[in-house]
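Shown next, in structure tokens, is the structure this report addresses.
What you are looking at is a predicted structure, and each value in this text was computed from that prediction instead of being measured. Just so it is clear, the values below take in all heavy atoms, side chains as well, and ignore hydrogens, waters and symmetry mates.
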Amino acid sequence: MASEELASKLQRRLRRAEGEDPQPAPHAAPAPPEPAPHAAPAQPEPAPLAASAWPEPPALVPAASADAELSAQLSRRLNIQEGAARPRRCRVFNPYTEFPQFSRRLIKDLESMFKRYDAGRDGYIDLMELKLMMEKLGAPQTHLGLKGMIKEVDEDFDGKLSFREFLLIFYKAAAGELQEDSGLMALAKLSEIDVALEGVKGAKDFFEAKVQALSSASKFEAELKAEQEERKREEEERRLRRAAFRELKATFST
């Protein structure tokens with residue numbers, strides 16, 4: 001069968017070459033595509049609802065437990081981002097010029113107390129450090145009480161006390177701006193520093209008398225001179241002790 005098919009193919013090829021075998025009919029052209037059916041007429045769009053007919057969105061209920069401190073911080077941050085408020089500039093804090101009512105000795109004592117309770121050594125007294133301070137002073141406070149103490153003098157809303165804000169506690173206590181039963185007043189009264197001598201009781205008269213008696217510059221110079229004289233006296237005492245020790249040593253060596 002295969003040889004017969006091959007022979008018939010060869011014969012057709014020879015006839016085609018001699019022009020006897022007609023060419024095969026070309027392929028029929030593809031039928032034109034049928035026309036698409038007519039589209040259905042467009043439905044008219046429904047008229048928009050009036051504004052009064054729109055459903056009102058559900059009202060947002062503010063959280064009852066939202067913290068006032070956190071809200072103030074977020075509001076200030078948004079105001080800064082929108083340009084409605086200016087960020088606070090960092091500046092060097094000088095306690096002697098910002099609190100001229102306090103003596104240098106008092107400021108140094110308060111600084112020592114601040115550093116003693118600044119367990120993190122970061123220049124701030126946070127909530128837990130304030131809690132430990134009040135417990136050691138014998139006037140423990142609740143968590144909300146501690147937050148209220150910080151909030152009363154927290155000028156930059158960072159939730160902790162800087163040294164300036166710590167001094168502000170004693171300034172307000174001395175100026176009579178704190179309530180007698182407040183935690184800050186307890187801190188001022190129970191601290192190891194005798195702030196009463198600087199005028200916690202009857203402080204306004206104390207400050208007015210100080211301002212009238214001495215200018216800030218002369219007061220600062222007088223205290224600085226007293227410190228220098230005290231250092232000279234201590235150095236002289238050490239020199240005398242060393243001389244006495246040398247004389248005693250020379251006596252035993254002979």
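- Placement of Leu132 and Met134 in two distinct hydrophobic clusters is found when ILVMFWY residues are connected by side-chain heavy-atom separations under 4.5 Å, directly or transitively.
- In summary, Arg238 and Glu235 engage in a salt bridge, as defined by a charged side-chain N under 4.0 Å from a carboxylate O.
- Proximity of Phe163 to Pro95: side-chain heavy atoms (C-beta onward) are separated by under 4.5 Å at one or more points.
- In this structure, CD in Gln141 is found 5.5 Å from CE in Met149, a value given to the nearest 0.5 Å.
- Listed here is the closest heavy atom pair of Leu168 and Phe99: N-CZ, 4.0 Å.
- Using modelled atom types, one side-chain atom of Glu165 and one backbone atom of Glu155 make a donor-acceptor pair closer than 3.5 Å.
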Side chain to side chain contact (heavy atoms under 4.5 Å, CB included) between Glu236 and Arg241: does it pass, once the steps are laid out? CA-CA 9 Å; Glu236 182 66 18; Arg241 285 196 299 268; over 6 Å; no
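- Under the 4.0 Å criterion applied to side-chain N and carboxylate O atoms, Arg231 and Glu234 are not assigned as salt-bridge partners.
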For side chain to side chain contact (heavy atoms under 4.5 Å, CB included), just list the numbers for Lys136 and Tyr117, CA-CA rounded to whole Å, side-chain angles, deciding distance to a tenth of an Å, and then say yes or no. CA-CA 10 Å; Lys136 287 189 175 182; Tyr117 290 104; 3.9 Å; yes
Please tabulate, for side-chain N and O atoms in residues 119-131, each donor-acceptor pair with protein atoms closer than 3.5 Å (sequence neighbours left out).
| unit_1 | atom_1 | unit_2 | atom_2 | d |
| --- | --- | --- | --- | --- |
| Arg121 | NH1 | Lys115 | O | 3.3 |
| Arg121 | NH1 | Asp118 | O | 2.5 |
| Asp122 | OD1 | Tyr124 | N | 3.1 |
| Asp126 | OD1 | Met128 | N | 3.3 |
| Asp126 | OD1 | Glu129 | N | 2.8 |
| Glu129 | OE1 | Asp126 | N | 3.0 |
| Glu129 | OE2 | Ala119 | N | 3.2 |
| Glu129 | OE2 | Gly120 | N | 2.9 |
| Lys131 | NZ | Glu135 | OE2 | 2.7 |

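- Rounding to the nearest 0.5 Å places CZ of Arg104 at 4.5 Å from OH of Tyr96.
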Which donor-acceptor pairs under 3.5 Å do the side chains of residues 175-185 make with protein atoms, sequence neighbours left out?
| unit_1 | atom_1 | unit_2 | atom_2 | d |
| --- | --- | --- | --- | --- |
| Glu180 | OE1 | Lys189 | NZ | 2.7 |
| Ser182 | OG | Gln179 | O | 2.7 |
| Ser182 | OG | Met185 | N | 3.3 |

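- Separation of atoms CG (Leu106) and CD (Gln101) is listed at 11.0 Å; rounding is to 0.5 Å.
- Heavy-atom minimum distance, Pro140 versus Gly138: CD-C, 3.5 Å.
- Once rounded to the nearest 0.5 Å, the distance linking OG of Ser103 with CZ of Arg105 reads 8.0 Å.
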Verdict with supporting geometry, Glu229 and Lys232, side chain to side chain contact (heavy atoms under 4.5 Å, CB included): CA-CA 5 Å; Glu229 292 176 353; Lys232 289 180 181 179; 5.5 Å; no
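- Phe166 and Phe170 have perpendicular rings, their planes meeting at more than 60° on a 0 to 90° scale where under 30° would count as parallel.
- Leu161 contributes atom CG, which lies 5.0 Å from atom CD1 of Ile150 (distance to the nearest 0.5 angstrom).
- The side-chain heavy atoms of Ser191 and Met113, taken from C-beta on, include a pair separated by under 4.5 Å.
- Atoms OG and CG, from Ser162 and Asp156 in turn, are 6.0 Å apart once rounded to the nearest 0.5 Å.
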